[in-house]
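Notes for the one structure printed next.
Since we're looking at a predicted model, the values are computed, not measured. Per chain, numbering begins at 1; letters A, B, ... match sequence-line order.
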Amino acid sequence: MNAQIFPFHGGVHPPEMKDLSNRSPIVAMPIPARLSIPLQQSIGNIAQPLVSVGERVLKGQMLAAANGNISAAVHAPTSGQVIALDAQAVAHPSGLTQSCLTLASDGLDEWIAREKFDWRAAMQRGDAKAIREYVQNMGVVGQGGAVFPSHLKLISREPLDTLIINGAECEPYITCDDRLMRERAIEIVAGIAIVRQLLNAKQVLIGIEDNKPEAIEALRTALMGCGFSAQVVVVPTLYPSGGAKQLIKLLTNIEVPSGVRSTDLGVQCFNVATIYSIYAALEHAEPVISRVVTLTGNVEKPCNVEALIGTPIDDLLKFAGLKSPSDCIYGGPMMGFTLPSTQVGLTKAGNCIIAMDAANFPEKPREMPCIRCGECAVACPQELQPMDLYWFARSKNFGKAQERNLFDCIECGACAYVCPSSIQLVDYYRFAKSEIWDAERAKKSADTARERHEFKQFREEREKEEKAARLAARAAGQSVSARAAPKPPVGEVAATEASVAPIADGDDKAAKIRAAMARAAAAKGETPASSAAAPAIDADKAAKIKAAMAAAAAKKAAANTPAAHNPTDVAGAGLPQDTVAKPAIDEEKAAKIRAAMAAAAAKKAAKVAGETAPVVEPVIAGVENPVEAVVEKPAMDEEKAAKIRAAMAAAAAKKAAKAAQSDKDAQ
Amino acid sequence: MSFLFALALMAGLAVLLGAVLGWAAIKFKVDEDPLVDKIDAVLPQTQCGQCGYPGCKPYATAIANDEAPINQCPPGGTDGIHKLAELLGKEFIPFDDGGGAAEKPRAVAVIREDVCIGCTLCIQACPVDAIVGAAKQLHTVIESECTGCELCIAPCPVDCIDMVVVGENVNTWKWRYPVIQLKQVH
Ligand code: SF4
Ligand code: SF4
Ligand code: SF4
Ligand code: SF4
């Protein structure tokens with residue numbers, strides 16, 4: 001009574017190795033003492049942490065919030081204390097580190113207060129958005145391995161033709177979905193009912209490989225009297241029947257062309273474990289904090305455990321009884337990767353951990369040249385020409401590889417499995433893909449840099465014109481008193497904290513630095529190297545030279561000066577002293593320069609304020625930057641501004657002096 | 001007579017077509033040299049001036065006018081030279097020895113905030129406005145916008161800007177080129 005199935009192209013049948021672990025029921029893994037929870041556990045943006053180090057968190061509490069649409073939240077798998085929030089090794093082939101939260105469990109496993117979300121009411125209101133947001137906030141992602149945020153798949157504008165539930169679990173060794181279907185069929189069916197309703201699916205097909213008769217039976221039983229029609233379709237055991245495209249073809253005879261999403265063809269695919277998570281989230285307000293994972297290979301008792309996300313792989317292996325130290329595969333033997341370290345925490349993607357033994361994972365034989373036998377093309381379920389892709393990837397001819405649909409390759413490894421020359425074909429595809437992605441990233445950042453550079457050039461041009469216009473206007477209105485002078489146009493002022501202290505124009509600033517340096521030199525009893533107003537030298541350059549000089553002078557002064565009591569008395573009286581620790585000198589020097597600058601500025605500003613309203617020329621600093629809010633600032637009353645500035649500068653000077661003093665005292 | 005007529009006709013046609021061509025040249029004038037843009041698209045847009053030109057576009061223009069060799073851009077790396085060679089149908093030439101032009105890992109500028117005096121000099125130097133700050137306020141570099149051109153280093157009066165190499169992270173990591181095993185020699 002099975003429905004018709006439509007075989008896909010290619011495929012291979014490697015030794016199943018499932019009987020190692022498929023007879024042991026799911027057991028709950030004890031709570032580990034320490035959990036390492038990566039903040040990125042889905043495709044897309046890394047989640048943003050909500051907790052800080054030292055905080056006590058409760059089980060199910062959101063630790064990091066989804067950042068943007070393509071992202072999912074991360075929750076505390078148990079109660080305990082956050083002991084670190086830093087970069088740690090994660091389950092990734094690179095062995096690189098990424099932001100992780102380290103949680104020390106307190107063993108109480110205390111739940112946070114949970115409030116059930118009434119998704120049915122939301123559904124009735126037609127508020128699909130609320131449901132999607134909820135699912136996202138529950139951290140539900142595809143648990144078949146792709147970790148695509150599930151809420152993005154719960155969007156349907158029109159009724160879905162076919163909802164496919166993926167229980168194929170085609171990769172050797174893995175049995176976690178098998179056990180889940182056997183033991184929690186009722187919950188899975190309830191989850192299917194929810195998703196079916198959310199997507200308004202006309203037809204529900206559950207694809208399961210024929211090597212899992214118990215799971216098939218369990219689901220068929222659970223479906224009886226569930227109130228909707230759904231069909232369990234038994235598919236022949238052939239790797240990779242669990243690939244989305246392959247399963248869709250098997251069950252519906254729809255071939256999803258390159259570059260088309262299956263949703264556009266009226267088909268949506270969910271893994272059974274994901275369905276279970278959706279059920280737990282919507283019916284029990286349980287976020288994704290654990291998953292079933294198969295522990296198999298070179299272990300005493302291969303099994304399936306329900307482990308908390310973040311459980312160190314080491315703990316899992318210890319639980320299963322690792323026979324001898326061996327490298328581990330994260331995922332299945334075909335598509336998984338070798339873990340660079342077993343210290344990493346379990347993620348939502350981790351469906352299987354295989355300790356490799358020499359018998360089943362012999363050393364890879366040496367690669368021989370491709371003999372163009374075509375075996376790989378026969379095996380490729382995506383109907384690609386793997387040998388051509390290999391050729392282009394190997395010769396780094398990425399454009400050609402892309403033309404041959406490199407990105408349709410699902411990295412299933414069927415081609416490498418059959419290759420008589422033992423070529424690690426997938427490694428070449430992965431290499432080519434990451435090179436192409438990298439080139440695209442570089443191109444993107446080059447484009448933004450070009451844009452920003454062009455904008456800066458445009459801005460400078462505009463500023464020049466504006467300045468010229470202002471000068472012309474000022475020349476025209478010379479006879480008018482300074483007080484009555486028109487307020488300078490305040491076009492764009494870089495907002496932010498600078499709002500009180502008007503930004504000085506380049507010349508203004510250069511003059512200030514110069515003044516400060518001159519004072520410093522004068523106070524030391526040296527003749528200034530050049531008069532404060534050195535007209536011949538470009539203002540900027542002069543300022544730099546002076547700054548360097550002053551820095552040297554300040555350093556020298558600091559080396560033999562015990563204290564700078566007064567900011568204006570930067571160099572102070574030269575009381576010889578023992579050598580001072582170098583960092584202290586640097587800091588002191590910096591403080592002194594700052595103090596001198598501030599004092600000079602304060603004096604000048606005060607003077608200016610006394611005489612005439614200064615003309616404030618706004619300098620734009622990164623106004624076009626998106627992260628910086630650009631605020632049109634009303635032109636402030638000039639006199640007031642000057643006074644505020646003077647006051648601020650004086651305060652800063654005082655503070656700096658005090659800091660210098662206390663530094664000194666501390667020594 | 002017919003000979004003269006033919007001559008006149010030809011002359012007339014020549015004048016007319018010449019006028020049309022002249023008009024078209026003005027009317028459909030391409031403002032920018034498309035070749036310059038194509039070259040510019042290949043350059044990394046670091047705007048660092050290490051090529052001896054005040055930015056990528058000027059260097060692109062120089063290449064287009066055959067005034068500069070294609071191996072002058074260090075941020076572009078050997079890959080960049082390959083791309084330029086391909087685009088222009090030229091022979092690949094490596095970086096000059098001793099010319100100082102060599103590849104460098106990608107880096108971004110970082111301002112030591114406790115030392116920064118808020119002079120705004122670096123803001124003015126940055127070709128892509130990657131530095132935010134205001135007079136006497138702390139300045140900081142927006143990492144994602146910094147091209148690593150190092151132009152802000154020299155103007156800083158207190159030398160508080162460092163270049164920090166950006167390492168790979170999990171999302172930018174690349175699979176290595178599969179190692180080709182050498183034949184064992186017994
Ligand atoms: S199976 Fe291997 S040897 Fe045969 S064509 Fe493909 S890559 Fe070449
Ligand atoms: S790894 Fe890619 S090329 Fe090889 S069989 Fe699978 S889909 Fe085809
Ligand atoms: S050297 Fe610098 S300025 Fe010149 S082309 Fe390369 S990135 Fe652009
Ligand atoms: S911050 Fe410095 S290194 Fe970065 S782009 Fe701007 S000037 Fe160049």
Would you mind telling me which of A:Gln424, A:Lys396, A:Lys443, A:Glu435 has the largest number of heavy-atom pairs within less than 4.5 Å of chain B?
-> A:Glu435

Are any non-hydrogen side-chain atoms of B:Val115 and B:Arg112 less than 4.5 angstrom apart?
-> yes

Checking heavy atoms, do the side chain of A:Gln457, its backbone, both or neither come under 4.5 Å from chain B?
-> neither

Side chain, backbone, both or neither: which part of A:Arg450 has an atom under 4.5 Å from a heavy atom of chain B?
-> both

Around B:Glu86, counting heavy atoms of other residues, nucleotides and ligands shown, do more than 12 lie under 6.0 Å from its CD?
-> no

Heavy-atom pairs under 4.5 Å with chain B are the metric here; pick the option from A:Asp447, A:Leu96, A:Ile46 that has the most.
-> A:Leu96

So which part of A:Ser94 gets closer than 4.5 Å to some heavy atom of chain B, the side chain, the backbone, both or neither?
-> both

Residue B:Thr172 versus chain A: region with a heavy atom under 4.5 Å | both

Tell me, for B:Asp159 versus chain A, whether the close heavy atoms (under 4.5 Å) come from the side chain, the backbone, both or neither.
-> neither

For chain A, which of B:Cys126, B:Gly167, B:Ser144 has the most heavy-atom pairs under 4.5 Å?
-> B:Cys126

Is it the case that more than 12 heavy atoms not belonging to B:Trp175 sit under 6.0 Å from its CH2 atom?
-> yes

Between A:Tyr428 and A:Phe431, does the ring centre distance come in under 6.0 Å?
-> no

Could you look at B:Pro127 and say if it's the side chain, the backbone, both or neither that has a heavy atom under 4.5 Å from chain A?
-> both

At a heavy-atom separation under 4.5 Å, does A:Ala439 approach chain B through its side chain, its backbone, both, or neither?
-> neither

If you round to the nearest 0.5 Å, how far is CG of B:Asp129 from CD of B:Glu145?
-> 9.5 Å

Side chain / backbone / both / neither for A:Glu454 at chain B, heavy atoms under 4.5 Å | side chain

In terms of heavy-atom proximity below 4.5 Å to chain B, should A:His453 be classed as side chain, backbone, both, or neither?
-> both

B:Arg176 side chain vs B:Lys174 backbone, donor-acceptor pair below 3.5 Å | yes

Taking only residues at least two apart or on different chains, which pairs with a member in residues 71-92 of chain B satisfy ring-ring contact (aromatic ring centres under 6.0 Å, His included)?
-> B:His82-B:Phe92

Compare all side-chain heavy atoms of A:Thr347 with those of A:Val90 and state whether any distance is below 4.5 angstrom.
-> no

